[in-house]
K.L.:
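Structure incoming, see below.
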Amino acid sequence: MSPNIGISTKNLKKSANILATILSNEMTLYVKTRKFHWNISGNSFMELHKLFEDQYRILESNIDEVAERISQLGEKTIGTMKEFIDNSTLKESPKEYASQKNMLLELLENHEQLVTEFREYIPALENENHDIGSADFITGLLQQHEKMAWILRRYQA
């Protein structure tokens with residue numbers, strides 16, 4: 001049964017498509033952060049190991065919440081690695097193992113990219129799709145990514 005929540009079926013699908021891209025990006029960033037957590041070494045090993053763990057746990061929670069939001073809009077949620085890769089705007093770095101500095105920089109750039117993309121999605125969700133609930137939800141995600149970016153940025157001094 002389709003939701004009867006004051007949003008047209010067409011706009012529900014458009015919102016779900018935006019959310020599928022966000023879900024894919026959250027999953028891509030989660031896997032990347034997890035990879036860095038597993039492969040960090042050198043000075044500040046334990047500090048960065050724990051930092052990456054804290055951040056991938058936040059991303060893991062975000063993934064579940066975004067998937068559930070898609071379902072709340074009456075759509076099926078993608079769930080294969082191929083779908084995530086195909087729908088993600090973030091890029092992976094297979095077979096590459098960055099230095100600590102480059103790990104931090106890559107994660108920072110990814111979080112900032114997501115914040116920038118969310119700033120574009122929010123008005124589309126609110127004004128074009130009349131989906132204030134998703135716009136508000138994405139605003140919360142944006143704030144989380146801003147905070148994670150801020151923490152990573154502090155290592156770039």
Side-chain angles (χ1 to χ4, degrees), residues 1-3 5 7 11-40 47-98 100 102-126 128-129 131-155:
M1 175 191 267
S2 294
I5 56 174
I7 303 172
N11 285 342
L12 287 170
K13 287 187 182 306
K14 286 168 49 179
S15 290
N17 287 337
I18 290 171
L19 289 163
T21 299
I22 292 169
L23 176 63
S24 298
N25 284 332
E26 295 284 338
M27 183 62 83
T28 301
L29 187 52
Y30 168 81
V31 169
K32 186 181 292 189
T33 305
R34 204 71 203 238
K35 174 184 173 183
F36 291 168
H37 167 80
W38 291 328
N39 290 292
I40 192 75
E47 177 184 350
L48 293 175
H49 186 72
K50 289 179 180 180
L51 171 65
F52 294 158
E53 182 175 4
D54 290 344
Q55 291 197 349
Y56 77 65
R57 290 193 188 281
I58 292 167
L59 295 167
E60 184 175 36
S61 177
N62 290 353
I63 289 163
D64 193 54
E65 291 180 26
V66 174
E68 288 177 359
R69 181 69 190 166
I70 293 168
S71 186
Q72 289 169 18
L73 298 180
E75 296 297 319
K76 297 288 185 194
T77 303
I78 62 173
T80 67
M81 295 309 295
K82 177 155 180 29
E83 289 170 314
F84 294 137
I85 291 167
D86 289 347
N87 284 287
S88 182
T89 61
L90 297 179
K91 301 302 173 211
E92 293 187 301
S93 306
K95 299 182 184 173
E96 292 180 23
Y97 296 92
Q100 274 189 11
N102 288 339
M103 285 179 184
L104 291 162
L105 183 58
E106 186 172 345
L107 292 176
L108 170 60
E109 289 171 348
N110 285 185
H111 284 284
E112 289 179 336
Q113 178 181 333
L114 294 186
V115 167
T116 301
E117 290 177 10
F118 290 174
R119 289 190 195 288
E120 295 173 10
Y121 296 146
I122 291 166
L125 289 164
E126 187 170 348
E128 296 169 26
N129 300 355
D131 185 358
I132 295 166
S134 291
D136 184 58
F137 172 67
I138 300 309
T139 300
L141 291 178
L142 179 146
Q143 292 168 333
Q144 287 181 341
H145 284 282
E146 284 179 332
K147 184 170 185 179
M148 288 186 278
W150 167 71
I151 292 167
L152 294 164
R153 195 175 304 111
R154 301 300 285 186
Y155 285 94

K.L.:
Out of curiosity, Ile18 CD1 to Glu128 CD, how far, rounded to the nearest 0.5 Å?
P.N.:
7.5 Å

K.L.:
For the residue pair Met27 and Ser88, establish whether any side-chain heavy-atom pair is separated by less than 4.5 Å.
P.N.:
no

K.L.:
So which heavy atom on Thr77 is nearest to which on Ser71, and how close?
P.N.:
OG1-N, 4.2 Å

K.L.:
Taking the cut-offs as 6.0 angstrom to the six-membered ring centre and 45 degrees off its axis, would you call Lys35 and Tyr97 a cation-pi pair?
P.N.:
yes

K.L.:
Flag the pair Asn11 / Asp131 as yes when at least one side-chain heavy-atom distance between them is below 4.5 Å, and no otherwise.
P.N.:
no

K.L.:
Can you measure from CG (Leu29) to CD (Glu92) and round to the nearest 0.5 angstrom?
P.N.:
11.0 Å

K.L.:
For Phe84 and Gly79, which heavy atoms make the closest approach, and how far apart are they?
P.N.:
CZ-CA, 3.7 Å

K.L.:
Within this structure, what is the OG1-CG distance for the pair Thr21 and Leu90, rounded to the nearest 0.5 Å?
P.N.:
10.5 Å

K.L.:
Do the charged groups of Glu75 and Lys13 touch, with an N to O distance under 4.0 Å?
P.N.:
yes

K.L.:
May I ask you to decide if the ring planes of His111 and His145 are parallel, tilted or perpendicular, using 30° and 60° as cut-offs?
P.N.:
tilted

K.L.:
Any ion pair linking Glu146 and Arg119 (charged N to carboxylate O, less than 4.0 Å)?
P.N.:
yes

K.L.:
Hey, could you give me the OG/CG distance between Ser15 and Asn129, rounded to the nearest 0.5 Å?
P.N.:
3.5 Å

K.L.:
With a 4.0 Å cut-off, would you call Arg153 and Glu112 a salt bridge?
P.N.:
yes

K.L.:
Could you give the distance from CD (Glu65) to CZ (Phe137), rounded to the nearest 0.5 Å?
P.N.:
5.5 Å

K.L.:
What residues form a salt bridge (Lys or Arg N to Asp or Glu O under 4.0 Å) with Glu53, not counting sequence neighbours?
P.N.:
Arg57

K.L.:
Quick one about Asn25 and Glu117 (side-chain donor to acceptor, distance below 3.5 Å, no hydrogens or angles considered), yes or no?
P.N.:
yes

K.L.:
Grab the two heavy atoms, one from Leu108 and one from Ala149, that are nearest each other, plus how far apart they are.
P.N.:
CD1-O, 3.3 Å

K.L.:
Looking only at heavy atoms, which two atoms of Ile63 and Leu23 are closest? And how far apart?
P.N.:
O-CD1, 3.4 Å

